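Have a look at the structure below, then the notes.
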Amino acid sequence: MRAFDYVSPTSTRQAANLLSSTWGNTEILAGGTDLLALMKEDVVTPKRLVNIKEIADLRGVKSDSSGLRIGSLTTLAEVAEDAGVREKYPAFAEAVREAASPQIRNMATVGGNLCQRPRCWYFRNGLGLLPKDESGKELVEEGDNRYHAILGNDGPARFVSPSTIVPVLIAYGAKVRLEGPKGKRELPLEKFYVIPKTDRDREHDLLPNEIVTEVVIPAANGWKVAHYEIRQKAAFDWPLAVAAVALKMDGSSVQAARVVLGHVAPTPWPSPQAEAALKGQPANEDSAKKAADAALANAKPLSQNAYKVQLARVAVKRAILKAAGGAA
Amino acid sequence: MPDYQWPDPAHRTLIGKRTPRVDSPEKVSGQARYTYDVKRPGMLYGKMVRSPYAHCKIVSIDTSAAEKMPGVKAIEIVQKPGATIPWAGDEVVGVAAIDEATAEDAARAIQVKYQKLPHLVSDAEPPAGAAENQGPLSLDDLGDMLQNQVPERQIVALIQEYGISFKPTEEDIKEAKDEGVPDSVIEAARNATVHPEAANKTKSNYIKAATQSQGDVDKAFAEADAASEGFYGAPVIVHCCMEAHGSTSEWTDPDHLFVHMSTQNVSGIAGQMAEPLKLPAANIRVHQDHVGGGFGSKFSPDRWGIVTAQLSKKADGKPVRMMLERDSELEVAGARPSAYARVKVGAKKDGTLVAWQSHSWGTGGPGGGGMPPIPYCFSIPNQHKEHTAIRNNIGPARAWRAPNHPQACVLTMSALDDLAAKLNMDPYEFFLKNLELTRLSKIYRDEFPIAAEMMGWKEKWHPRGQNISGNIARGVGLSLHTWGGRGHASDCDLSIHPDGSVDIKMGTQDIGTGTRTCIAVVAADALGLQATDIKLYIGDTLYPPSGGSGGSTTPGGVSSSTRRAVVDARDALFAKVAPALNVQPDDLEARDGSVRVKSDPSRSLSWKEACSKIGATPITSHGHNDQAAAKNKPDLTNSGVGGVQMAEVAVDTETGIVKVTKMVAVQDCGLVIDPKMAESSVLGALVMGISYSLFEEKIMDPTTGRMLNADMEFYRLAGLNDIPELKVHMMTGPGYDERGVIGLGEPPVISSGAAISNAVANAIGVRVGVIPLTPAKVLAALNQTQKAGA
């Protein structure tokens with residue numbers, strides 16, 4: 001790890017002012033579970049770390065008319081144990097409990113989870129987020145891409161969006177609140193993720209001096225939501241596919257659906273195709289299969305990840321059936 | 001003649017009883033000190049500049065900027081300009097500084113220019129016709145073979161057959177001798193035909209390493225009632241020691257070096273450091289209390305260990321510590337060679353095996369590597385085998401727990417299981433039918449029914465693919481294995497003090513296998529004491545040498561040397577005590593903390609009272625176990641163990657995810673010193689076995705030639721939740737105990753891969769030929785059958 005300056009502002013405004021307006025100079029330190037590893041591996045080399053843990057406003061779970069507000073510094077362990085989250089957003093609580101390990105959940109924050117960098121092994125080995133060799137050869141396409149994207153992978157980005165809790169947050173209709181030098185803004189969570197096209201782009205709609213302050217989840221009235229993860233190991237493993245599904249039922253048929261896939265594309269991947277396939281249908285094995293097929297109809301596997309198409313399909317199907325069978 | 005023989009059951013007090021690990025308290029309380037924990041006064045931190053390229057030449061090295069950095073105390077060039085680098089992560093320059101951050105900064109400031117060379121990191125099937133005959137051997141070839149532990153006999157045979165491409169100078173020969181190259185190899189090189197014209201020839205990456213035939217394979221297949229053909233394999237995996245490799249070296253004066261090293265080979269390190277440091281081995285002290293895993297990868301000081309001593313020398317003898325980073329640990333500190341084979345195997349209707357044919361290949365890195373011992377365990381009468389060694393740039397191979405056996409086991413037992421399925425036979429019956437082809441048929445015959453009972457084999461086995469409920473397919477599989485395990489050379493110093501305390505000094509190491517407990521049990525058993533009464537001093541070259549802990553040689557070695565030492569000391573004590581009890585020494589026994597008259601136990605002295613008769617100076621004794629069985633009279637160790645394993649799995653047929661739901665291991669290791677430790681060894685092996693069967697693989701990037709998963713998120717190791725019910729049964733009693741002590745480290749890890757692979761085939765009805773059994777491979781196998789069925 002290289003030497004850096006360390007500052008601990010006590011307000012979001014101060015923090016924003018301490019952050020550089022260009023990427024690469026400064027980094028925000030919250031739980032540090034991702035950032036410190038990136039710094040140790042020399043993948044990011046900030047000159048200044050802005051520790052935001054002293055900003056009290058960013059902590060805790062609150063509830064008001066806009067729904068549940070989760071401060072970005074709230075740890076995953078705190079979210080998983082929060083009675084309100086467990087009662088009203090059980091699928092979210094479940095996704096959080098399945099993330100990483102107890103030790104990491106004790107440190108990692110919700111804001112950090114949203115902003116964590118991809119696990120692409122080329123990126124983590126210092127070869128870049130859109131990795132190429134000297135001759136311009138695209139390393140992911142030519143190399144070992146068994147864990148890479150099957151959707152939205154026309155390039156040059158072929159990594160998968162790493163968060164395992166974002167798909168279910170999107171299914172709940174969550175929004176993210178940001179604060180920067182130009183003030184505050186709010187985005188639907190799915191709009192927070194973008195596919196970088198050049199080395200200058202990031203995978204988030206975030207300015208270098210903006211801070212994620214809150215995630216807001218609207219009341220889940222009438223939505224039945226489920227999260228389903230396919231992992232090779234039983235615990236503490238990056239999934240091979242994630243699906244989150246929210247269903248609003250009208251009697252026995254689906255009135256409206258949200259279907260969001262994870263770990264299949266450079267962003268969390270809402271599937272309007274699957275949503276359309278479910279609309280007006282009973283939520284059963286047959287409709288779930290058709291919706292899963294619709295969700296993956298445009299999948300274009302790379303040389304080594306065709307199996308992920310099947311896994312994503314199964315994740316979507318199982319999430320639909322789980323949502324249909326489960327409570328709100 | 002002292003009675004060194006192992007006591008019979010009636011005369012054992014601790015041997016064969018369940019003694020808890022003597023070092024448990026210090027381990028669970030966090031007091032056990034590992035090399036990683038060693039902090040010496042004034043210690044400097046070492047870092048290594050490593051090659052980013054898989055194959056390149058060093059053009060230039062500029063250390064000037066680093067030298068000027070404050071806090072940088074020493075720089076040592078490991079490989080000079082002109083050197084060829086054969087794998088990414090290879091050592092180039094070492095640096096020592098006052099703290100880790102400064103050392104890192106300095107390493108970064110060292111400018112190395114490389115000229116990239118073409119690399120190969122694949123171990124895919126060699127293109128047809130690519131394999132070349134082995135030509136004359138170069139000095140590098142010999143070095144690679146020695147480093148990859150190719151058997152001495154094989155090296156000599158290759159030299160005799162192909163000659164060498166260089167004329168060895170007297171200096172070469174002296175250097176080889178210093179490095180411990182076997183005399184037979186040196187002699188063969190000295191007498192070999194020299195082909196200087198071969199020196200500059202570019203060698204193929206593919207070498208025909210073996211072609212072997214016996215019997216008449218074509219005739220045997222023609223006469224067989226059934227034959228099965230398949231493709232099987234096991235990839236390169238890495239050791240991934242929890243405690244990375246590394247050491248701390250310091251010069252206590254200009255002629256004496258003190259080294260803390262994470263090693264499996266305390267007594268063998270000084271000799272290996274002597275030559276490169278130009279220092280008598282006697283002047284090098286090596287110490288280690290505990291080691292966080294070695295698995296076969298920690299026998300040498302390694303270049304990074306030599307460098308700590310060189311850096312320390314340049315830094316006025318200050319201690320220099322260098323422990324590998326996690327990525328280097330996975331990239332360069334050990335890998336198990338891969339092995340793949342296209343196998344055809346034939347049998348008679350009743351299951352009798354008659355023919356085996358295999359085309360195999362694999363890589364052990366730049367050295368290529370040899371053919372695993374296939375067909376494994378079964379001497380099938382008619383065989384034809386060809387093996388191609390792939391030389392590539394993935395990094396060096398090292399012995400991995402039971403070198404070559406797990407791979408041979410997967411290749412063989414998968415093929416035999418597929419043949420059993422083709423014959424519509426229960427593999428249990430099929431393997432039983434062929435046990436006469438093994439060298440340990442009696443042992444396996446004992447073990448099979450025990451394993452079957454523990455697994456519930458009869459109830460659980462079904463023809464392939466016939467227990468699928470919804471998307472869950474269940475199945476069972478089995479495998480068997482063997483290993484040597486004779487005790488290594490070991491020396492033991494034992495003292496009984498007048499105050500009743502007993503200490504043992506031995507330059508062995510406990511690599512987590514319970515060696516301390518084994519020594520303590522053997523000593524305490526003979527003295528009628530508890531294991532915790534024995535004060536043990538191990539892990540230091542100040543103590544008598546004992547072999548490296550590899551090849552399951554430690555229990556046989558240390559138990560034999562301890563037994564000899566303790567029997568001598570006990571007899572000496574009896575001689576001192578006998579007059580006090582008015583008996584002859586032979587009439588005494590040591591039991592339950594006392595020395596007493598055999599025929600009248602009421603006539604006794606407490607252990608302390610008995611020892612008070614010793615006089616002013618302690619009783620000391622020395623026990624030696626010789627590597628050569630014939631030199632041990634009587635021989636207390638032995639070789640050749642058998643084991644059987646069964647696995648039960650549940651496979652999600654939609655996702656291809658395999659869960660092992662139960663594993664059973666029945667294992668023999670001769671006389672079991674401590675069943676609790678023995679079971680622990682087997683349990684650990686099963687965990688490791690599940691891990692390599694389902695998860696582990698060294699993944700190389702074809703373009704950059706670098707390892708992509710040199711971390712612990714994508715180099716997956718089994719976690720607690722991946723480990724099911726594990727059942728272990730150790731064979732003991734008549735037929736086993738009298739064989740003497742045999743090592744147990746390697747054997748129980750051998751069968752797991754094949755047993756789990758066979759269970760998956762039984763569950764889903766189709767073979768997934770290559771481990772690890774990942775969702776991608778399981779789904780691919782399932783899709784093929786669906787296509788075939790459609």
Side-chain angles (χ1 to χ4, degrees), chain A residues 1-4 37 40-42 45 100-101 119-127 131-135 137-147 162 228-241 285 289 292 301 303-315 317-318, chain B residues 52 88 100-102 104-105 107-108 116 121-122 325-327 331 470-471 652-660 690-691 694-695 697 699-724 772-783:
Chain A
M1 195 183 283
R2 299 174 193 236
F4 52 84
K40 285 182 183 173
E41 295 301 328
D42 227 20
T45 52
S101 68
R119 308 308 304 187
C120 166
W121 46 27
Y122 292 93
F123 173 62
R124 296 274 161 175
N125 276 299
L127 297 161
K132 287 189 173 86
D133 76 354
E134 298 93 329
S135 68
K137 202 154 126 182
E138 299 208 22
L139 297 182
V140 176
E141 207 175 24
E142 301 284 332
D144 200 309
N145 46 45
R146 68 184 74 186
Y147 301 130
Y228 195 89
E229 239 176 77
I230 296 177
R231 288 188 303 265
Q232 203 185 344
K233 281 173 61 175
F236 198 13
D237 195 11
W238 294 104
L240 301 166
E285 177 91 18
K289 262 189 186 158
S303 59
Q304 294 179 20
N305 64 4
Y307 75 103
K308 284 191 63 168
V309 178
Q310 158 87 355
L311 294 187
R313 235 185 248 130
V314 174
K317 182 188 86 172
R318 290 185 182 176
Chain B
E100 211 168 346
T102 308
E104 245 180 59
D105 287 344
R108 222 179 274 119
K116 281 171 73 175
V121 291
S122 163
E325 311 284 331
R326 178 53 52 188
D327 52 1
E331 283 176 287
N471 55 288
D652 185 328
T653 55
E654 287 187 329
T655 63
I657 288 173
V658 176
K659 294 227 173 290
V660 180
I690 290 169
S691 198
L694 300 186
F695 305 122
E697 183 178 2
I699 300 173
M700 304 299 297
D701 179 45
T703 313
T704 60
R706 283 161 60 168
M707 181 175 175
L708 289 170
N709 59 339
D711 53 49
M712 292 186 68
E713 56 184 313
F714 293 114
Y715 192 87
R716 290 181 171 85
L717 295 176
L720 273 181
N721 289 324
D722 302 305
I723 304 303
L773 305 163
T774 59
K777 285 191 225 146
V778 173
L779 288 177
L782 280 167
N783 287 340

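Quick note: numbers below take in every heavy atom, side chains included, and nothing from hydrogens, waters or symmetry partners. Note that the structure is a prediction, hence the values are computed from the model and not measured. Throughout, protein chains are lettered first and strands after them, A, B, ... in sequence-line order, and every chain is numbered starting at 1.
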Heavy-atom pairs under 4.5 Å with chain A are the metric here; pick the option from T703(B), N709(B), V658(B) that has the most.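 Sorted descending by pairs with chain A, the first entry is T703(B).
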So which of L694(B), D105(B), I699(B) has the largest heavy-atom pair count under 4.5 angstrom toward chain A? I699(B)
Could you tell me if the side chain of [Y] sits less than 4.5 Å from the side chain of [X], heavy atoms only?
X	Y	result
P702(B)	E142(A)	no
D711(B)	R119(A)	no
R318(A)	N471(B)	yes
N721(B)	F236(A)	no

Rounded at 0.5 Å granularity, tell me how far [atom1] in [X] sits from [atom2] in [Y].
X	Y	atom1	atom2	value
D652(B)	I230(A)	CG	CD1	7.5 Å
L127(A)	R706(B)	CG	CZ	5.0 Å
R326(B)	K40(A)	CZ	NZ	12.0 Å
I657(B)	K233(A)	CD1	NZ	13.0 Å
T45(A)	R108(B)	OG1	CZ	8.5 Å
N125(A)	T704(B)	CG	OG1	7.5 Å

Minimum-distance pair of heavy atoms, taken over all atoms of G143(A) and D701(B):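 Closest pair (atom of G143(A), atom of D701(B), distance): CA-OD1, 3.7 Å.
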Over all atoms of both residues, closest heavy-atom pair of V314(A) and E654(B): CG2-O, 3.6 Å
Examine whether an atom of [X] lies under 4.5 Å from a heavy atom of chain A, and if so say whether it belongs to the side chain, the backbone or both; otherwise answer neither.
X	value
K659(B)	side chain
D327(B)	side chain
I723(B)	neither

Donor-acceptor pair, distance only, cut-off 3.5 Å: does the side chain of D722(B) make one with the backbone of A234(A)? yes
So does R2(A) get a backbone contact from the side chain of E104(B), meaning a donor-acceptor N/O pair under 3.5 Å? no
Look at the aromatic rings of F714(B) and Y147(A) and report parallel, tilted or perpendicular, splitting at 30° and 60°.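 Answer is parallel, since the angle falls under 30°.
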Does the pair D237(A)/R716(B) count as a salt bridge with the N-to-O cut at 4.0 Å?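 So D237(A) pairs with R716(B) through a salt bridge.
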In plain terms, say whether R124(A) and E713(B) are close enough for a salt bridge, that is, a side-chain N and a carboxylate O under 4.0 Å apart.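 Salt bridge absent between R124(A) and E713(B).
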Heavy atoms of other groups near K289(A) NZ, more than 12 under 6.0 Å: no
Please classify the contact between [X] and chain B as side chain, backbone, both or neither, with a heavy-atom cut-off of under 4.5 Å.
X	result
E41(A)	side chain
D144(A)	both
K317(A)	side chain
E138(A)	neither

Hey, are N783(B) and Y307(A) close enough side-chain-wise for a donor-acceptor pair under 3.5 Å? no
Take L708(B) and R146(A) through the side chain to side chain contact (heavy atoms under 4.5 Å, CB included) test and state the conclusion after the steps. CA-CA 11 Å; L708(B) 289 170; R146(A) 68 184 74 186; over 6 Å; no
